[in-house]
Amino acid sequence: EAMTPITLNYTVNANASSNKVSAGWYHNCAILDDGDLKCWGRDNHGQLGDGGSNTNTNAPSSTAIDLGSGRTAIAVSAGDYHTCAILDNGDAKCWGQDSHGQLGDGGSNTDTTAPSSTAIDLGTGRTAVAVSAGTRHTCAILDNGDAKCWGQDSHGQLGDGGSNTDTTAPSSTAIDLGTGRTAVAVSAGWSHTCAILDNGDLKCWGRDNFGQLGDGGTNTDTTAPSSTAIDLGSGRTAIAVS
């Protein structure tokens, strides 16, 4: 029996609750009904994005995060000590801790307390439709279905098949998900990453010390997605991952 085909739509669902609120290590962020973005909690690395003096807050500020003139947020992801958002024009911006390049600004691993005036360079003409902030790395899905990660690569969590080298910006080359495959969902964890592909396959890469890659193997870290998808059961596909 033929499986029902998956219909792709590379547009962020601005009404999806999963895009609208995110809990990080010690801070929370929420997008309001008018597109404003506010964060609260711990601010030791600037993860609240308020441009202030790294002062913890126990409630949302009366003032929204400055995303740029006229800009609003349509998706947010809070990592351990950094935060990333997709703006209404498809720009991606991150702020907070940058110890391993997780802000993606191509700079010198300098923490920031507010979003930059310049968006992350995702490639010529490319925009973001999904973002996930992990512990010290960040991943995004682009409007063409490419997946790119940046930041810490201690265990291969960037998926670039390289030599576990941290990067401070997205690569010009997308992660190799398999011939003709694109990503429809991504989730960045502590030192590993998982993605759902356009055919419903699920693949993970990075650290595997406890079997978190789901490959049924010998708990061996991988630096790129496997050619074989995770076995979810006969005929089964994935529709969400965390």
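- With hydrogens and angles ignored, the 3.5 Å screen pairs no side-chain donor or acceptor of Thr168 with any backbone N or O of Gly101.
- Between the side chain of Lys148 and the main chain of Ser171, a donor-acceptor pair closer than 3.5 Å is present.
- Counting heavy atoms from C-beta outward, Cys29 and Leu37 have side chains that approach closer than 4.5 Å.
- For the residue pair Asp34 and Asp36, the shortest heavy atom distance occurs at OD1-N, 3.1 Å.
- By the rule that hydrophobic residues join a cluster once side-chain heavy atoms approach within less than 4.5 Å of another member, Val184 and Leu202 end up as members of one cluster.
- The shortest heavy-atom contact between Asp153 and Gly159 is OD1-N, 4.4 Å.
- In this structure, Ile196 and Ala240 approach most closely via the heavy-atom pair CD1-N, 3.3 Å.
- Checking side-chain atoms of Thr83 against main-chain N and O of Gln47 turns up a donor-acceptor pair under 3.5 Å.
- Note that OG1 of Thr193 is 14.5 Å distant from NZ of Lys203, once rounded to the nearest 0.5 Å.
- Test Asn56, Asn58, Asn28 against Trp40 for side-chain contact (heavy atoms from CB on, under 4.5 Å) and you get one pass: Asn28.
- Considering only heavy atoms from C-beta on, Trp190 comes within 4.5 Å of Asp80 through its side chain.
- A side chain to side chain donor-acceptor pair (under 3.5 Å) with Thr138 is found for exactly one of His82, Gln152, Gln102, namely His82.
- Between the side chain of Ser77 and the backbone N or O of Cys84, no donor-acceptor pair lies under 3.5 Å.
- Residue Ile120 holds its CD1 atom at 9.5 Å from CG of Asp91, rounded to the nearest 0.5 Å.
- Residue Asp176 holds its CG atom at 11.5 Å from CG of Asp160, rounded to the nearest 0.5 Å.
- At a threshold of 4.5 Å between non-hydrogen side-chain atoms, the residues His100 and His137 do not count as touching.
- Scanning both residues, Thr112 and Cys94, for their nearest heavy atoms gives OG1-O, 4.2 Å.
- Under a 3.5 Å cut-off, the side chain of Asn109 and the backbone N or O of Ser99 do form a donor-acceptor pair.
- To the nearest 0.5 Å, atoms CD1 (Ile31) and OG1 (Thr72) are separated by 8.5 Å.
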Q | side-chain contact (heavy atoms from CB on, under 4.5 Å) assessment of Tyr26 paired with Asn44 | A | CA-CA 10 Å; Tyr26 290 113; Asn44 58 325; over 6 Å; no
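- Hydrophobic clustering (side-chain heavy atoms under 4.5 Å, transitive across Ile, Leu, Val, Met, Phe, Trp, Tyr) keeps Leu48 apart from Tyr81.
- Between Pro115 and Leu67, the closest heavy-atom pair is CG-CD2, 4.1 Å.
- Note on Leu32: it does not cluster hydrophobically with Ile74, by side-chain heavy-atom contacts below 4.5 Å among ILVMFWY residues.
- Contact detail for Leu197 and Arg181: the closest heavy-atom pair is CD1-CD, 4.0 Å.
- Checking side-chain atoms of Asp143 against main-chain N and O of Ala128 turns up no donor-acceptor pair under 3.5 Å.
- Side-chain atoms of Thr182 and Asn144, non-hydrogen and from C-beta on, never get closer than 4.5 Å to each other.
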